[in-house]
Amino acid sequence: MTNFEPEEQEEKPLDPALENVRRKMVRLQLVSAGIMFVSLMAVLGAVVYKATKSETREPVASTSLAIPADQPVTATASLPQGFTVQSTALSGSQILFFGQMADGTRKALVFDITVGRVVADVTVAGQ
């Protein structure tokens with residue numbers, strides 16, 4: 001095999017331009033490795049959080065009304081004096097009463113069964 005002289009095995013110093021490029025490349029490599037490490041830790045943290053998070057959720061306000069099996073819900077909708085109901089509609093626990101007041105004004109009243117009162121009073125204007 002070839003025998004190298006000790007002088008040939010020693011690294012020769014790079015010229016200043018190549019040394020600057022080498023330093024920039026090392027710095028870029030370190031910054032890239034740091035970003036990758038932080039990203040990996042964020043992903044692992046999210047996985048651990050999802051795995052350890054309990055499955056119980058906070059109760060969400062439901063729009064449907066839970067009616068007990070042994071008795072029906074009793075509620076009284078107090079509509080304004082002189083209000084004539086022309087039509088009704090039901091959506092979840094809310095009832096829409098559409099009608100006309102004694103003075104001819106058309107109104108839409110929304111009664112919520114769970115709250116037990118009128119939650120919206122809308123005057124309908126138009127032709």
Side-chain angles (χ1 to χ4, degrees):
M1 299 258 175
T2 310
N3 226 351
F4 292 109
E5 297 288 325
E7 288 179 7
E8 291 178 22
Q9 289 181 348
E10 290 179 19
E11 291 186 24
K12 297 177 184 173
L14 296 173
D15 64 338
L18 281 176
E19 183 65 23
N20 286 338
V21 170
R22 188 190 68 79
R23 285 182 183 165
K24 286 182 182 178
M25 292 299 291
V26 168
R27 193 174 335 140
L28 176 65
Q29 208 170 19
L30 290 174
V31 168
S32 297
I35 291 172
M36 291 293 286
F37 180 75
V38 168
S39 300
L40 180 64
M41 289 298 111
V43 169
L44 288 176
V47 168
V48 168
Y49 173 75
K50 286 285 188 177
T52 60
K53 184 179 173 188
S54 66
E55 292 298 320
T56 58
R57 294 184 180 180
E58 304 233 354
V60 178
S62 74
T63 57
S64 63
L65 177 64
I67 299 174
D70 58 344
Q71 65 183 23
V73 175
T74 305
T76 303
S78 299
L79 301 175
Q81 193 72 18
F83 182 78
T84 306
V85 177
Q86 295 174 346
S87 66
T88 59
L90 177 67
S91 175
S93 65
Q94 295 181 338
I95 304 171
L96 170 74
F97 295 99
F98 183 77
Q100 197 168 9
M101 296 295 290
D103 63 355
T105 307
R106 294 185 303 170
K107 286 196 170 224
L109 303 172
V110 179
F111 179 79
D112 194 331
I113 298 170
T114 57
V115 179
R117 64 179 178 85
V118 174
V119 293
D121 183 350
V122 181
T123 301
V124 181
Q127 286 91 4

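For the numbers below, each heavy atom of this structure counts, side chains included, while hydrogens, waters and symmetry mates do not.
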- Just one of I113, D112, V115 clears the side chain to side chain contact (heavy atoms under 4.5 Å, CB included) bar with Q94, so which one? D112
Point-to-point distance, once rounded to the nearest 0.5 Å, from [atom1] of [X] to [atom2] of [Y]:
X: L30; Y: F37; atom1: CG; atom2: CZ; result: 14.0 Å
X: L109; Y: D121; atom1: CG; atom2: CG; result: 5.0 Å
X: T105; Y: Q100; atom1: OG1; atom2: CD; result: 8.0 Å

- With the side chain counted from C-beta on, respond yes when Q29 and M25 share a heavy-atom pair under 4.5 Å apart, and no when they do not. no
- Query: What do you reckon, is CE of M41 surrounded by more than 12 foreign heavy atoms closer than 6.0 Å?
  - Reply: yes
- Message: With a sphere of 6.0 Å drawn around CD of Q86, does it hold more than 12 non-hydrogen atoms of other residues, nucleotides or ligands?
- Response: yes
- Minimal heavy-atom distance between F97 and A77, with the atoms involved, is CE1-CB, 4.1 Å
- Query: Closest approach of V124 and A108, non-hydrogen atoms and distance?
  - Reply: CG2-N, 4.3 Å
With the 4.5 Å side-chain cut-off for hydrophobic clustering, are [X] and [Y] part of the same group?
X: V118; Y: V110; answer: no
X: L96; Y: F111; answer: no
X: M101; Y: F98; answer: no

